[in-house]
Amino acid sequence: MESVEEVAAMENRYNPHEIEPKWQGFWEREGTFRTSDDYTKPKFYALIEFPYPSGEGLHVGHPRPYTALDIVARKRRMEGYNVLYPIGWDAFGLPTENFAIKHKVHPREVTERNIARFKQQLKSLGFSFDWSREVDTTDPNYFKWTQWIFLKLFEHGLAYKHEMPINWCPSCKIGLANEEVVNGGCERCGAEVETRIKNQWMLRITAYADRLIDDLELVDFIDRVKVQQRNWIGRSEGAEIDFDVVDTDHKLRVFTTRPDTLFGATYMVISPEHPMIDELKDRIENLSDVMEYREKAKKKSEFERAALAKDKTGVELKGLKAINPATGQEIPIWISDYVLMTYGTGAIMAVPGHDERDWEFAKKFGLPIVEVVAGGDVEKEAYTDTESGILVNSGFLDGLEVADAKKKVTNWLEEQGLGRSKVNYKLRDWVFSRQRYWGEPIPLIHCEKCGWVPVPEEQLPVLLPDVENYEPTDTGESPLANIREWVETTCPKCGGPGERETDTMPQWAGSSWYFLRYTDPHNDEALARKENLDYWLPVDWYNGGMEHTTLHLLYSRFWHKFLYDIGVVSHPEPYKKRTSHGMILGENNEKMSKSRGNVVNPDDIVNQYGADTLRLYEMFIGDFEKAVPWSEDGVRGCRRFLDRFWKLQEIAVPGDEYSKELETKFHRTIKKISEDYENLKFNTAIAAMMALVNDINDVGQITHGELKTLLILLNPVAPHITEEMWVRMGFPGYVHAHTWPKWDPEKTVEDTVAIAVQVNGKVRGEITVSLTDTVEKARELAMANDNIVRFTEGKTIVKEIYVPGKIYNIVVK
RNA sequence: GCCGGGGUGGCGGAAUCGGCAGACGCUACGGACUUAAAAUCCGUUGGGCGCAAGCCCGUGCGGGUUCAAGUCCCGCCCCCGGCACCA
């Protein structure tokens, strides 16, 4: 049995299991973090990527970005902003559907269960989300507006159905967007992707390619994000040039970024899939060889074609020749799989002197190599420098620099009607169809007479029918296709029989606009009120994973620009600032995964150490932007800090001022933490606080004024312990309602400071000087030090460098 | 191959308008408390030499600039991420 004293002592001990649920309940009851409708206040919109509520629940990677922006959101509230920090669920998607199929439960049920689990886990971590604004992409009241946006895209000609080869994952039985194919495999399951021809809904994102690049200038995204987006869109500027095919009325159109090298084009290469082969097959003398090559190329996946790129292969189209429009010479035409039908025109002019691929090909097949830009040795390798080269062997271009030659030849081509300047993109249109059940139905009806007809707005949302069996089919048809009573409907236009589109939308649909819905989540007349959108947008700070840079981030910027064009939103970019967190790895330095058995569940950390410890550790663990391994020892260290922090109550003394010995340190720490929280440097902010607490313990007491400041500074990271200590100390009101502390720049510098004294650049001692002290004073102090005398006596001082507050270096000879 | 980021103690990481490298935390070791252990507290913890004062070496490698280089310049090596026959 514990004694009365021991029980009493225990009640004063830091007990997160008692205070954390207490404060979470308090915040919820009081609506502490409800976003206000007071639109006269300055606003701050903090956004994290809403999670996919998987069956596995949260792992410790999730809270890293959530805590980071929670810190910023809490700080902003204390600075007087009206803050929107919302949360929701990106809940459509394959894992849920697959689980539902396997366990014969409706995906709706699985989703609800998973959301409930996630919600309970997130709530236990004390985030200051405004839970009243929760959105769920699978909620018909939400996806009604996803469908509405799709119809607007359709209306504006940005959604179209197209027969095209798609990336098919044979394991998931689903078509994939280019962005979802990683190294030739399915992003989700890793199975090798096949090519299938399917009639697919496509979104014309390429129409926005230029703006998606150019408007990156308007936003504050970390550089690696901007670079990756530019890279992915892959804009390249050049020219299209038409080459006559001899003795036919065919022209072979090519795209090139080096029109200046036109005089060096000694042959042409077309893709094996190029339509000209069929159109002119009667003229091709070696048609069987050509067809054989074409068959071989077809069997290779796009991945194989790229991976086995080293060795060039190809077949000449015998019987066909093209004319180089600049030289007037006849040149051969080849087919080779290094030319892709999916980029440019599917045909190139080959300039072996100045393109590495063409050079390799020419060497292999003994084709002529002509130098048209001086500076290299085209017999040894292709010369590709465009900075310093001067044109040669190029008629009217001779003597020009590359950049000037490009302009001149493009003008000439335009005058002659042989070509024109042209911009190409690597970005392709977005394959928007998925042949699965658990997604938003595409709200279109096909009518024999009227074609594709949109479902009238007032009939939205188009709901998913209840089905017995939503297994995918091997034929690539959506499971919805089997439900005839759902498919068969009437055409809204002519009233005749019509059939519903059975493809559903990809997971990226709902997440492309969710941040708009948060501004007005319960509106059933519009996706959100204009007034709300205008006040809250753009998002001030959006943090998310690098893995979403070429998918979600690009897609949502595209949708937003479209919504801007049709007047729904008033700003061309959705996100003002974008940052990215690093992954949290397992203790063994490997990616956390169930199969590796190194997953850490936040529930266990909360149960053992408390939510504040978890939050503190997640922020202290290392550089926020880098991957870092988890360490349970590190977690314990953070808990120890909170225990020590709690005990500051025992040494608190009255007084609202900062004490003499700690005043400078407090001002410095306020400054450091205020700045570090804004710059993703949570780890050094926390280190500074730990250092200050160490200093306080050295002093042996803390004034109430000091403790208040400290509680406010730590509150965004560890909200529960700081709320509890505030009320226990009997401070007025609540810590979360207090204003953020200010620092006085003049008080951040110590009156006197210890600086190193160097002799010939090596530290030989230390002196304590005030900032106003002169070099004479420094010399006097330094010479009182035996060690410095030892290194200088008997030598002449040649030079003295004295930087006040930094260093005193004596150069002797 | 191209683009971006990075190499600092036993570990995570601090410090870049050039100014005492290793803040803060962890680990390890030693000590106090305890019958004992845990917890907590105190001390040590880059390597080497020295009884000590102190000295020498040290930020991926090789050069250089400077009174002074983790930080700047030149030439390399390695790791991580993205793109990859994009004409």
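Naming: A, B, ... by sequence-line order, numbering from 1 per chain. Note that the structure is a prediction, hence the values are computed from the model and not measured.
Using atom C1' as the reference point in both B:G19 and B:A37, the two lie 50 Å apart (nearest Å). Across B:C26 and B:U35, the matching P atoms stand 28 Å from one another, rounded to whole Å. Distance noted for atom C1' between B:G13 and B:A23: 10 Å (whole Å). Separation of the P atoms belonging to B:U66 and B:C61 is 23 Å when rounded to the nearest angstrom. Separating the P atom of B:A15 from that of B:U8 is a span of 15 Å, rounded to the nearest Å. Rounded to whole Å, the separation between the C1' atoms of B:G54 and B:G60 comes to 31 Å. Rounded to a whole angstrom, the distance from the C1' atom of B:C11 to that of B:G7 is 16 Å. Comparing B:G70 with B:G63, their P atoms sit 15 Å apart, to the nearest whole Å.
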Side-chain polar contacts of residues 626-633 of chain A - donor-acceptor pairs under 3.5 angstrom, sequence neighbours left out - could you list them?
from, atom 1, to, atom 2, distance (Å)
A:Lys626, NZ, A:Asp623, OD2, 3.2
A:Ser631, OG, A:Asp633, N, 3.4
A:Ser631, OG, A:Gly634, N, 3.0
A:Glu632, OE2, A:Tyr609, OH, 2.9
A:Asp633, OD1, A:Arg636, NH2, 2.4

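Taking a cutoff of 4.0 Å between a charged side-chain nitrogen and a carboxylate oxygen, A:Glu49 and A:Arg64 do not qualify as a salt bridge. By the 4.0 Å N-to-carboxylate-O rule, A:Arg779 lies too far from A:Asp773 to be salt-bridged with it. Looking at A:Arg224 and A:Glu625, a side-chain N of the basic residue comes within less than 4.0 Å of a carboxylate O on the acidic one, giving a salt bridge. Between A:Lys647 and A:Asp643, no side-chain nitrogen of the basic residue sits less than 4.0 Å from a carboxylate oxygen of the acidic one, so the salt-bridge criterion is not met.
Between A:Phe682 and A:Tyr677, the closest side-chain pair of non-hydrogen atoms falls below 4.5 Å. Between A:Asn785 and A:Val757 there is no side-chain heavy-atom pair separated by less than 4.5 Å. A:Arg764 places none of its side-chain heavy atoms less than 4.5 Å from the side chain of A:Ile810. Side chains of A:Val269 and A:Asp358 form no contact here, defined as non-hydrogen atoms less than 4.5 Å apart. Side-chain contact between A:Met268 and A:Asn324 is absent, with no heavy-atom pair separated by less than 4.5 Å. With a 4.5 Å cut-off on side-chain heavy atoms, A:Asn543 and A:His581 count as touching.
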Next item on the list: Might you work through the side chain to side chain donor-acceptor pair (under 3.5 Å) test for A:Ser236 and A:Tyr343, ending with a clear yes or no?
Entry: CA-CA 11 Å; A:Ser236 60; A:Tyr343 185 77; 2.9 Å; yes
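Among the heavy atoms of the strands, none lies under 4.0 Å from A:Glu800. Using a 4.0 Å heavy-atom cutoff across all strands shown, A:Arg235 reaches no nucleic acid atom at all. Looking at heavy-atom distances under 4.0 Å, A:Lys806 makes contact with sugar-phosphate atoms alone, never a base. A:Asp633 comes within 4.0 angstrom of sugar-phosphate atoms only, judged by non-hydrogen atoms across all strands, and of no base. At a threshold of 4.0 angstrom between heavy atoms, the contacts of A:Asn694 are confined to the sugar-phosphate backbone, with no base atom among them. Across all strands, A:Gly637 comes closer than 4.0 Å only to sugar-phosphate atoms, never to a base (heavy-atom distances).
Residue A:Arg640 places at least one side-chain N or O under 4.0 Å from the OP1 or OP2 atom of B:C26.
Mapping A:Val803 and A:Gln228 onto RNA chain B by nearest heavy atom places A:Val803 closer to the 5' end of the strand.
A donor N or O paired with an acceptor N or O is not found under 3.5 Å between the base of B:C83 and the side-chain atoms of A:Lys426.
Checking B:G82, B:C67, B:C85 against the side-chain heavy atoms of A:Tyr338 singles out B:C85 as nearest. Closest approach to the A:Glu766 side chain among B:A87, B:A23, B:C20 is made by B:C20 (side chain taken as heavy atoms from C-beta onward). Here the nucleotide nearest the side chain of A:Lys312, chosen from B:C85, B:A23, B:C67, is B:C85.
If you measure from atom CG of A:Leu551 to atom C1' of B:C83, you get 14 Å, rounded to the nearest angstrom. In this entry the distance linking CD of A:Glu618 with P of B:C26 reads 18 Å, nearest Å. The distance between atom CD1 of A:Ile686 and atom P of B:C26, rounded to the nearest whole Å, is 13 Å. Taking atom CG of A:Asn424 as the reference point, atom P of B:A87 lies 8 Å away to the nearest angstrom. Atoms CD (A:Gln229) and P (B:G81) sit 20 Å apart, rounded to a whole Å.
When every heavy atom of A:Met349 is checked against every heavy atom of A:Val254, the shortest pair comes out as N-CG1, 3.6 Å.
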Show each protein N/O and nucleotides 54-58 of chain B N/O combination with a separation under 3.5 Å, one pair to a line.
from, atom 1, to, atom 2, distance (Å)
B:G54, O3', A:Asn787, ND2, 3.4
B:C55, OP1, A:Arg764, NH1, 3.1
B:C55, OP1, A:Asn787, ND2, 3.0
B:C56, OP1, A:Arg764, NH2, 3.1
B:C56, OP2, A:Arg764, NH1, 3.1
B:C57, OP2, A:Lys762, NZ, 2.8

Collect all protein-nucleotide pairs involving nucleotides 42-50 of chain B in which both atoms are nitrogen or oxygen and the distance is under 3.5 Å.
none

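Aromatic ring orientation, A:Phe361 versus A:Tyr338: tilted (interplanar angle from 30° to 60°).
Partners of A:Lys795 according to the salt bridge (charged side-chain N to carboxylate O under 4.0 Å, His left out) rule, which considers only residues two or more places apart in sequence or in another chain, do not exist here.
B:G9: glycosidic angle within 90° of 0, hence syn.
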Note to self: Please convert RNA chain B into dot-bracket. A pair counts if it is Watson-Crick or G-U wobble with both distances under 3.5 Å; crossing pairs go in [ ] and bases paired with another strand get |.
What the structure shows: (((((((..(((......[....))).(((((.......))))).((((....))))..(((((..]....))))))))))))....
Check: Can you give one letter per nucleotide of nucleotides 10-16 of chain B, 5' to 3': B if a protein heavy atom sits under 4.0 Å from the base, S if only from the sugar-phosphate, - if neither?
Finding: --BSSS-
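No more than 12 heavy atoms of other residues, nucleotides or ligands shown are found within 6.0 angstrom of CD on A:Glu356.
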